[in-house]
Number of protein chains: 2
Amino acid sequence: MARKTGSHSDITGPKVREAALALFAQHGFAAVSMRQIAAEVGVQAGALYLYTKDKQSLLYDLMQAHMDDLLAAWEVEPKGDGALAHLEAFARFHIRFHLERPDAVFIAYMELRNLSDENFAAIEALRRRYEGELEAILRAGQAEGVITAPDIRLTTMALIAMLTGVNTWYREGGRLSRDAVADIYWDMVRGAVGA
Amino acid sequence: MARKTGSHSDITGPKVREAALALFAQHGFAAVSMRQIAAEVGVQAGALYLYTKDKQSLLYDLMQAHMDDLLAAWEVEPKGDGALAHLEAFARFHIRFHLERPDAVFIAYMELRNLSDENFAAIEALRRRYEGELEAILRAGQAEGVITAPDIRLTTMALIAMLTGVNTWYREGGRLSRDAVADIYWDMVRGAVGA
DNA sequence: GTCTATAGACTGATAGAC
DNA sequence: GTCTATCAGTCTATAGAC
């Protein structure tokens with residue numbers, strides 16, 4: 001398993017994605033140059049093309065990895081029994097997961113228009129699958145009679161917007177802990193669906 | 001009041017802002033060139049600088065005009081009697097106002113990071129003033145005992161995120177009218193604050 | 001008020017040396 | 001695997017003609 005001197009592919013690859021994530025989140029995809037990313041990693045611009053086909057693919061890979069993480073994490077999240085427990089699990093999971101990776105979340109929401117058409121469609125499909133998870137919970141809750149919602153699809157979108165909104169104002173070390181925030185948001189979610 | 005041939009300052013100025021608004025919303029501030037804006041208006045790139053100091057000011061002017069419109073429109077909005085009527089008026093106003101100008105809303109949320117520090121501070125101050133309007137309503141509602149909210153500031157942010165979220169999915173001519181959407185969202189707002 | 005022309009700098013991506 | 005050098009194109013903003 002000896003490795004050539006100067007061979008850092010297993011280190012540089014992740015570093016490229018990390019640097020791109022941070023820079024895209026801060027300045028926006030279009031405003032960041034490949035040279036900036038390279039400088040952050042500590043290589044020359046040309047070297048980046050060993051790790052990504054082009055700038056567009058770099059963005060797409062970041063967004064896809066984020067959505068995959070999200071779906072995989074929700075899949076293994078403990079959900080409790082009954083639709084109401086499911087809903088609570090979803091609300092707390094969503095806030096926790098999103099607060100843990102603000103840069104990726106920011107990019108996933110803000111840079112959709114910088115994706116090529118086919119890349120956009122792929123990310124959009126993953127997003128819909130995630131929304132579908134909440135939608136299914138709400139439908140189950142309605143079937144069980146534990147929630148009231150005149151339009152499930154609309155309630156789905158409203159709740160996700162509300163929960164994701166935490167990322168726009170929450171600051172680490174602020175007035176409230178993540179758990180305290182989640183408690184209050186869960187109360188609001190419950191109220192919004194008449195539970 | 002005779003006007004020189006070729007003098008279109010009163011027409012071209014607004015057209016520049018309209019074109020910039022549409023293009024920034026579609027492609028993002030950093031991805032749009034002054035040449036693109038000029039082409040949309042029907043002039044050469046150099047002529048744009050008769051109407052804006054630079055690209056940054058163009059963005060700032062659009063965002064400031066949007067926030068000024070928002071605050072002015074809310075100021076003259078009929079609000080009814082009591083905190084609960086106020087809250088309903090705010091929810092319906094917010095949805096209606098934001099759905100009427102999706103491009104400006106999109107830019108006001110997505111392009112904050114492309115503002116210079118002082119321009120950012122100015123826009124942020126206007127945004128806080130708008131948030132303060134809802135916050136005051138919620139505090140009044142709590143004082144009247146008609147709503148329940150463990151943390152007013154947090155409820156403010158949650159409700160604004162939820163209401164603004166309509167813009168991300170609403171499509172003209174879709175399944176629901178604006179009024180029907182507003183009805184359902186008002187129900188959710190009321191539930192979220194325990195009214 | 002708008003044009004053309006241009007400055008000076010930056011862009012994404014590639015080729016070839018090591 | 002990374003570097004240097006470079007291509008061909010883009011960018012914002014300005015100067016000066018009309």
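Scope of the values below: all heavy atoms of this structure, side chains included, with no hydrogens, waters or symmetry mates.
- Whole-Å rounding puts the A:Gln36 CD to C:dG12 C1' distance at 13 Å.
- For A:Tyr49, the side-chain atoms get nearest to C:dG12 when compared with the rest of D:dA13, C:dG12, D:dT4.
- Atom OH of B:Tyr51 and atom P of D:dA13 are 17 Å apart (whole Å).
- One can place CG of B:Leu48 at 9 Å from P of C:dC3, the figure rounded to the nearest angstrom.
- Set against D:dT2, C:dT11, C:dC3, the side chain of A:Ala47 has D:dT2 as its closest nucleotide.
- When the nearest nucleotides of DNA chain C are assigned to B:Leu50 and A:Lys55 by heavy-atom distance, the more 5′-ward of the two goes with B:Leu50.
- Remark: the A:Asp61 side chain and the A:Gln64 side chain contain no N/O donor-acceptor pair separated by less than 3.5 Å.
- The side chain of A:Arg35 sits closest to D:dT6 out of D:dT4, D:dG1, D:dT6.
- In summary, A:Arg129 and A:Glu133 do not engage in a salt bridge, as defined by a charged side-chain N under 4.0 Å from a carboxylate O.
- A distance-only check finds a donor-acceptor pair linking the side chain of B:Arg127 to the backbone of B:Ala108 [under 3.5 Å].
- No engagement by A:Val41 is indicated, since no non-hydrogen atom pair under 4.0 Å with the nucleic acid exists.
- In terms of modelled atom types and a separation under 3.5 Å, the side chain of A:His98 and the main chain of A:His94 share a donor-acceptor contact.
- With rounding to whole Å, A:Lys53 atom NZ is found 14 Å from C:dT14 atom C1'.
- Counting to the nearest Å, the P atom of D:dC11 and the CD1 atom of B:Ile37 are 11 Å from each other.
- The phosphate of D:dT10 (OP1 or OP2) has no side-chain N or O of B:Ser33 nearer than 4.0 angstrom.
- One interatomic measurement links the two molecules: NZ of A:Lys15 to C1' of D:dG1, which rounds to 13 Å at whole-angstrom precision.
- Regarding B:Phe29, its CZ atom lies at a distance of 12 Å from the C1' atom of D:dC11, rounded to whole Å.
- In this model, the phosphate group of C:dT2 is not approached by any side-chain N or O of B:Gln44 to a distance below 4.0 Å at OP1 or OP2.
- Taking 4.0 angstrom as the limit, B:Thr12 places none of its side-chain polar atoms (N or O) nearer than this to OP1 or OP2 of C:dG1.
- The CE atom of A:Met34 sits 17 Å away from the C1' atom of D:dC7 (whole-angstrom rounding).
- Across all non-hydrogen atoms, the minimal contact from A:Ile184 to B:Pro150 is CG2-CG, 3.8 Å.
- Listed nucleotides C:dT11, C:dC3, D:dC3 differ in distance to A:Val43; the shortest reach to its side chain belongs to D:dC3.
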